[in-house]
Amino acid sequence: MSPDVWTFRKLIEGQAMASKKQIKLIRALAAHHFYDDDDYHDWLFDQFGKKSTKELTGHEAHEAIQLLSFRKAPLRVDGGRHYSGSGRAGDGRHFLTQAQANKIGALEYALGWSGNPFRLIGFIKKQTGKNKTVEMLSRSEASKVIIGLEKLLEEERIGDYNHK
């Protein structure tokens, strides 16, 4: 059987390998959704039973592109400010946890506010009614701030999508 017939038969059966363009697009999308290659490769194996993008068929690559295109990207802290959360009780209240502090830093970065610390402080005042820094927030205040920042980010993403 000639190579062209074999390629055509594999294409019809959905077994032709992913194209270079598909592989490039998958890797670009994966860079926005996974913290590192290990997370991406774990996801790839869970979804398709493959260890590498190059092992995907054209059909699987198309499916991976669809899954990654509509997947919500995790928030990253790379480049954002790092805040500390003690999670301990003090002055009759509980301070925010480190996870809450990390989430606020990631949301601040995702919104593009990292270059202007007063933007977040102003947002905190709007959400809590108090002039506070991130480290001064109680757990409940931090939750209010996180919910507000998430809503703001979602509105921004929807606005970006509608303008495309």
Side-chain angles (χ1 to χ4, degrees), residues 21-54 56 60-164:
K21 283 185 178 182
Q22 285 177 314
I23 291 170
K24 213 173 182 179
L25 180 56
I26 290 168
R27 294 300 294 168
L29 288 167
H32 290 286
H33 293 286
F34 300 99
Y35 290 105
D36 57 29
D37 280 346
D38 291 336
D39 288 343
Y40 167 67
H41 288 290
D42 289 344
W43 175 84
L44 190 66
F45 190 78
D46 290 343
Q47 292 293 320
F48 303 101
K50 307 287 172 82
K51 294 179 183 177
S52 167
T53 311
K54 293 178 182 178
L56 295 174
E60 289 170 333
H62 176 75
E63 191 176 332
I65 291 167
Q66 294 299 311
L67 289 170
L68 291 171
S69 294
F70 294 105
R71 186 170 195 255
K72 226 177 183 181
L75 296 169
R76 298 170 181 236
V77 183
D78 4 323
R81 275 195 294 284
H82 177 75
Y83 298 109
S84 296
S86 63
R88 70 186 193 299
D91 297 331
R93 62 192 174 106
H94 294 278
F95 291 107
L96 80 161
T97 64
Q98 187 60 52
Q100 287 176 313
N102 292 344
K103 181 85 170 190
I104 291 171
L107 287 163
E108 178 188 35
Y109 178 73
L111 286 163
W113 293 2
S114 295
N116 184 356
F118 299 108
R119 188 120 190 232
L120 182 60
I121 291 170
F123 187 81
I124 290 170
K125 181 171 183 170
K126 181 180 174 187
Q127 292 297 111
T128 66
K130 301 171 185 168
N131 274 326
K132 291 186 170 189
T133 63
V134 173
E135 287 86 358
M136 295 169 62
L137 294 172
S138 68
R139 289 181 187 177
S140 63
E141 290 169 337
S143 292
K144 288 178 187 176
V145 170
I146 289 169
I147 290 168
L149 290 170
E150 286 175 337
K151 284 181 182 177
L152 199 58
L153 183 62
E154 191 61 32
E155 288 172 8
E156 190 175 283
R157 285 182 178 168
I158 290 169
D160 288 347
Y161 177 76
N162 289 335
H163 287 89
K164 287 185 179 180

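Source: prediction; values computed, not measured.
- Residue pairs meeting the ring pair (Phe, Tyr, Trp, His ring centres under 6.0 Å) criterion with at least one partner in residues 119-140, sequence neighbours excluded, are Trp113-Phe123.
- Side-chain contact between Leu44 and Leu56: present, with at least one pair of heavy atoms (C-beta onward) separated by less than 4.5 Å.
- Here the side chains of Asp37 and Arg27 are in contact, with some heavy-atom distance below 4.5 Å.
- In terms of modelled atom types and a separation under 3.5 Å, the side chain of Gln47 and the main chain of Ala64 share no donor-acceptor contact.
- Looking only at distances, no side-chain donor or acceptor of Arg139 sits under 3.5 Å from a matching main-chain atom of Leu96.
- The distance from atom NZ of Lys54 to atom CD1 of Ile26, rounded to the nearest 0.5 Å, is 12.5 Å.
- In this structure, Leu149 CG and Leu120 CG are separated by 6.5 Å, a value rounded to the nearest 0.5 Å.
- Atom CZ of Phe48 is separated from atom OG1 of Thr53 by 10.0 Å, given to the nearest 0.5 angstrom.
- Summarising the geometry of Lys51 relative to His41, their closest heavy-atom pair is O-ND1, 2.9 Å, with the distance given to 0.1 Å.
- The minimum heavy-atom distance between Asn131 and Lys125, with the atom names listed, is OD1-CD, 3.2 Å.
- Annotation: side chain to side chain donor-acceptor pair (under 3.5 Å) contacts of Ser140 (sequence neighbours excluded): Ser138.
- Residue Gln127 comes nearest to Val145 through the heavy atom pair CB-CG2, 4.2 Å, listed as atom of the first residue, atom of the second, then distance.
- The structure places NZ of Lys126 at 14.5 Å from NZ of Lys144, a figure rounded to the nearest 0.5 Å.
- Inter-residue side-chain proximity for Leu137 and Ile104 is flagged as met; some heavy-atom pair is nearer than 4.5 Å.
- When Glu108, Glu150, Gln98 are each tested for a side chain to side chain donor-acceptor pair (under 3.5 Å) with Lys103, only one passes: Glu150.
- Remark: Lys130 pairs with Glu141 by the side chain to side chain donor-acceptor pair (under 3.5 Å) rule, at least two apart or across chains.
- One distance of note links CD1 of Ile65 with CG of Leu25; it measures 4.5 Å at 0.5 Å rounding.
- Remark: His62 NE2 is loosely packed, at most 12 non-hydrogen atoms of other residues, nucleotides or ligands lying under 6.0 Å away.
- In this structure, the separation between CG on Leu111 and CZ on Arg119 is 7.5 Å, given to the nearest 0.5 Å.
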